[in-house]
*Asks:* 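To start, I am sharing the structure in question, which I have written as structure tokens.
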Amino acid sequence: MVPKIFCFLQLFTLFTVTFASTEEATSLVKWKATFQNQNNSLLASWTLSVGACTDWYGVICFNGRINRLNITNAGVIGTLHDFPFSSLPFLEYVDLSMNQLSGIIPPKIGNLTNLVYLDLSSNQFSGKIPPQIGSLSKVENLFIINNHLNGFIPVEIGKMKSLEFLGLQRNNLSGPIPITLGDLGYLPERLCQGGKLENFTVASNKLTGSIPRNLSNCSSFKWVRFNNNSFTGNLSEAFGIYPKLLFINLSDNDFHGELSSKWGKCKNLTDFRIARNNISGSIPPEIGNVKGLLGLDLSSKHLIGQIPKEFGKLTSLVNLFLQNNRISGNIPEDFGSLTKLESLDLSDNRLNGSIPMCIVDFVHLFQLNLSNNKFGQKIPKEIGRITHLNVLDLSYNLLVGDIPPQLANLKVLVNLNLSHNGLSGRIPTELDTLTGLQDVILSYNELEGPIPNNKAFVNASLEGNKGLCGNVAGLHPCEMLSSVVKRHSMAKGRKLILITVLPVMGALVLLCVFIGVLIMCNKRRRVRDVERRDGDGWLSISMLDGKALYRDILNATEEFDAKFCIGKGGHGSVYKVNLPSLGNIAVKRLHSSFQNTHPKSFINEVRALTGIKHRNIVNLYGYCSKAQHSLLVYEYVERGSLSSILSNEVESKKLDWLKRVNIIKGVAFALSYMHQDCSPPIVHRDISSSNVLLDSEYEARVADFGLAKILNPDSSNCTTLAGTYGYVAPELAYTMKVTQMCDVYSFGVLSLEIVKGNHLGEYITVLANSSTIDPQQLSDLLDERLPYPEDRVKDVLVFIVNLAFSCLLKTPKSRPTMHFISQKLSSMDARPHIHQRNPHVRRAIYNP
């Protein structure tokens, strides 16, 4: 009798679960029916003819009930008005971010009482946050970033009690942060209890109120964003010491007081932004103790005193912004150790003395702005060594003397402003070669003579000088008289020159001719033959003189001798070349099969690519050609390809887990920039470990970007011109069409290769059908040459591996975009904490 009752109970339970899951599926199908885009391909599987728990996109079940719903970036156009809040009682995880959901957030959202994770970010929700959201007492991660919400933050949010991540930035929220979030003030005192609140962000709203002192007790803070609001309070009293803090942005508020020396005890801080407030006093030298600092923005305040010499200890600093203050004195010589700087802005201060020589050691500098100060003496000619400069602004100072001709070495210079100084003499004719220049401002100096023969000077600001001339609007034509007078004065001494110098000159000429013939007949015969055959048919772009560069490269490589070759690829061979004017460069010599096939579109594409500047993309300087040699000129990256390092037993062990994570991030940032920020977007078409180079700091630099497309811009078949076997997206076998999703697939393969230490081969096809892994399943995918990662690093790798799996999905539209991937990776803590009860719950942290 007992067994029959037991069987009956089992059948009854099975029937109940089946009925309930069918009801859940039916309710979601009804919600889908309200979408404006009924033909959404990603949600085509949402039909009652297939099992919701086994075949539905974005749906995961537990014990037969729908437990997770993840349709991020699925292109859904609709509302939550008919979402079945009451019919899905077992939902723990909901991610609807990056869609086109609009309307209000319904009060019924409070029925999802088992939710642990909720992300409604990057949609078009409007209205107020419903107070019923406070009923979600189990939620640990709540993100409603980048919508159109308004009104106050409901006090009921205070009921969401050890809530760890709260993201409300980029809305139109107003008023104070509710006092219910803490016992003593507007900010989340209660959320700090137990030391679990790591991320708190309410940036880009209209929030007001003071910052209570109890905020200093939130020692668990890692990522904090209060920027772009109207918060008030004494900064030195409101914030304390945060030993785990990585990022804080307090910019664009109404904080007052002075900068506290306590910030120097936040030893893990990598980015500190507190611009455009009412802060006064001097810069505490203790900030120099935060040696891992990458970015520091103290601009647009009322800071006084001098730049602390202790800043010289910030050797990791990449961006330093101190503009719009009242800082005085000299730039300390200790600045010379900040060799990783890429952006330095000290403008609008009271700095004096000469421009220090230490600045010329900032070889990675893109932007240098020292304008509106009291710098005197001459412009150091050594500035010409900062060859990566895009922007140079020395205007509104007391500089005198000539413009150094060495500025012509700044081959990628785009903006030059030397106005409102006391510069004299002529504008160097060497500036003719800066063909990348766009904006030139030299007004209100004491310059004279003809302007350079450069298109940037046609529209340059040159007024207020005493004697400039040229065939441009606003200037007098250069007088012919001056050349006549010069010729007349030269003629007077011509006889004397002929009598005294002619014999010597004749001998020298004969000697030079003899030596020249000897050299040309031996070592340089082939170069002579090439030049004779090709005449002057030079083709060059960007900022480089193609003819001179070609000759220099030919000389430096001994006509492409094999000993200078550092790699070979599908399009050509790469040579390391050392030139006095550029230093080390990499030259790709295209295969001979490419000769005489240079359509105009090729030049237009290369011209566009030379304008791309990103820290994770190799600089393409330009292109030059002769009939036998077509050359692409690149920045030289010291450590070579990721492929060669991973295949080397010794070198691969230097790539520890954190370096590998950083490499994956760098590639993601580069691809996101190419897909999202370039116009038109650039698809790489050949992402592989061979095309990822590492610099001296093991920073990733993507190479050969866009090359496959420009080699044959009329072709859509990238299987013959681009793509490395093992990295090519499967859809290319039948669509023959390249999209951004091809790069996403290749990125997924590359990420797994970096984690494993070698390419996974045919195992990629198996992984493409995988869902997710947890930390216990990670071992098989790790590089055994490295020590097993500690728990916190292991969690990062699990996150990356699962992200890579999503890149390998067979349907291209199911894959995430590189923008989405980079957004997740850029804000991911270097040592994230994964949910202990449910390892599949992601803890995304958002960047500003």
Side-chain angles (χ1 to χ4, degrees), residues 121-122 142-150 152-153 165-178 181 185-188 191 197-212 215-216 218 221-240 242 244-260 262-263 266 268-280 283 287 290 293-303 318-325 343 345 823 826-829 844-848:
S121 300
S122 298
L142 175 60
F143 302 108
I144 321 180
I145 299 166
N146 194 24
N147 281 282
H148 307 298
L149 300 172
N150 55 43
F152 287 13
I153 300 175
F165 298 141
L166 174 62
L168 302 175
Q169 71 261 36
R170 295 197 289 277
N171 282 286
N172 294 309
L173 300 172
S174 58
I177 297 178
L181 287 179
Y186 291 145
L187 290 175
L191 296 179
L197 182 62
E198 296 181 350
N199 179 358
F200 187 80
T201 172
V202 287
S204 301
N205 285 290
K206 299 177 182 177
L207 299 171
T208 59
S210 62
I211 302 296
L215 184 64
S216 62
C218 296
F221 270 159
K222 290 186 177 180
W223 298 80
V224 179
R225 298 174 181 84
F226 293 102
N227 50 295
N228 293 290
N229 282 288
S230 299
F231 289 119
T232 60
N234 191 319
L235 191 74
S236 59
E237 298 175 355
F239 295 91
Y242 308 105
K244 299 179 181 179
L245 188 65
L246 298 171
F247 177 99
I248 186 166
N249 192 345
L250 306 175
S251 301
D252 298 288
N253 281 288
D254 294 318
F255 294 123
H256 64 273
E258 297 186 359
L259 285 174
S260 169
K262 291 184 291 188
W263 292 111
C266 301
N268 285 314
L269 192 58
T270 61
D271 203 322
F272 183 28
R273 307 181 192 180
I274 191 169
R276 295 171 294 282
N277 280 280
N278 295 312
I279 309 302
S280 58
I283 302 173
I287 290 181
V290 190
L293 205 60
L294 301 176
L296 178 62
D297 189 350
L298 305 178
S299 60
S300 299
K301 298 194 219 340
H302 307 287
L303 297 176
V318 174
N319 299 309
L320 176 59
F321 302 109
L322 300 178
Q323 68 268 26
N324 294 308
N325 282 292
S343 294
D345 195 337
Q823 188 179 47
S826 67
S827 52
M828 184 181 66
D829 186 342
I845 305 175
Y846 288 81
N847 242 347

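Only heavy atoms go into these numbers, but all of them, side chains included; no hydrogens, no water, no symmetry mates.
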*Asks:* Nearest 0.5 angstrom please: L322 CG to L296 CG, how far?
*Replies:*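 Interatomic distance, L322 CG to L296 CG, rounded to 0.5 Å: 6.5 Å.
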*Asks:* Heavy-atom distance under 4.5 Å between the side chains of N150 and N171, does that happen here?
*Replies:* no
*Asks:* Under 3.5 Å, is there a donor-acceptor pair between the side chain of N277 and the main chain of L250?
*Replies:*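 Confirmed, N277 side chain pairs with L250 backbone.
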*Asks:* With side chains defined as the heavy atoms from C-beta onward, is the minimum distance between T232 and T208 less than 4.5 Å?
*Replies:*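 SC-SC contact between T232 and T208 ruled out.
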*Asks:* How are the rings of F247 and W223 set to each other: parallel, tilted or perpendicular (split at 30° and 60°)?
*Replies:* parallel
*Asks:* To the nearest 0.5 Å, what is the distance between CG on N324 and OG on S299?
*Replies:*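 Rounded to the nearest 0.5 Å, the CG-OG separation comes out at 6.5 Å.
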*Asks:* Under the rule for side chain to side chain donor-acceptor pair (under 3.5 Å), what residues qualify as partners of N228, not counting sequence neighbours?
*Replies:* none
*Asks:* Got a donor-acceptor contact below 3.5 angstrom from the N253 side chain to the F226 backbone?
*Replies:* yes
*Asks:* Under the criterion side-chain contact (heavy atoms from CB on, under 4.5 Å), I'd like the reasoning laid out for N319 against D297: C-alpha separation, chi angles, the key distance, then a yes or no.
*Replies:* CA-CA 8 Å; N319 299 309; D297 189 350; over 6 Å; no
*Asks:* Is there a side-chain contact between L320 and D345 in this structure, where contact means two heavy atoms from C-beta onward sitting under 4.5 Å apart?
*Replies:*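 No, every pair of side-chain atoms sits at 4.5 Å or beyond.
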*Asks:* Considering all heavy atoms of both residues, which atom of K244 and which atom of K222 are nearest to each other, and what is their separation?
*Replies:*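 Distance-wise, the nearest heavy atoms are O-CG, 3.5 Å.
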*Asks:* Main chain of I145, side chain of S121: is a donor-acceptor contact present, judged purely on distance under 3.5 Å?
*Replies:* yes
*Asks:* Give, for atom CG of N325 and atom CD1 of I283, the distance between the pair rounded to the nearest 0.5 Å.
*Replies:*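 Answer for the CG-CD1 pair, N325 versus I283, is 7.0 Å.
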*Asks:* Is T270 close to L293 at the side-chain level, that is, under 4.5 Å between some pair of heavy atoms?
*Replies:* no
*Asks:* Does a side-chain heavy-atom distance below 4.5 Å link L246 with D271?
*Replies:* no
*Asks:* Might you point out which heavy atoms bring C266 and G240 nearest each other, and give the distance in Å?
*Replies:* SG-O, 4.4 Å
*Asks:* Can any side-chain N or O of N227 pair as donor or acceptor with the backbone N or O of R225 at less than 3.5 Å?
*Replies:*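 No, because the side chain of N227 does not come within donor-acceptor range (under 3.5 Å) of the backbone of R225.
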*Asks:* Say you draw a straight line from CD1 of I287 to CG of L269; how long is it, rounded to the nearest 0.5 Å?
*Replies:*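 If we round to the nearest 0.5 Å, I287:CD1 and L269:CG are 9.0 Å apart.
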*Asks:* S236 and E258: which non-hydrogen atoms are nearest, and at how many Å?
*Replies:*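 Taking every non-hydrogen atom into account, CB-O, 3.3 Å.
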*Asks:* As an exercise, state the distance from CG of D254 to CG of L235, rounded to the nearest 0.5 Å.
*Replies:*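 One gets 12.5 Å once the value is rounded to the nearest 0.5 Å.
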*Asks:* Run the numbers on F255 and I279 for side-chain contact (heavy atoms from CB on, under 4.5 Å), then give the verdict.
*Replies:* CA-CA 7 Å; F255 294 123; I279 309 302; 4.0 Å; yes
*Asks:* Measuring from atom CG of L149 to atom CG of N172, what distance do you get when rounded to the nearest 0.5 angstrom?
*Replies:* 8.5 Å
*Asks:* Check whether any side-chain heavy atom of F239 lies under 4.5 Å from a side-chain heavy atom of S260, and answer yes or no.
*Replies:* no
*Asks:* Side chains of I274 and L259, heavy atoms from C-beta outward: is any pair under 4.5 Å?
*Replies:* yes
*Asks:* Any donor and acceptor pair, going by atom type alone, linking the side chain of H256 with main-chain N or O of G233 inside 3.5 Å?
*Replies:*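 Pair found, side chain donor or acceptor close to backbone of G233.
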*Asks:* Take I248 and F272 through the side-chain contact (heavy atoms from CB on, under 4.5 Å) test and state the conclusion after the steps.
*Replies:* CA-CA 5 Å; I248 186 166; F272 183 28; 3.4 Å; yes
*Asks:* F221 vs Y242 aromatic rings, parallel, tilted or perpendicular, using cut-offs 30° and 60°?
*Replies:* tilted
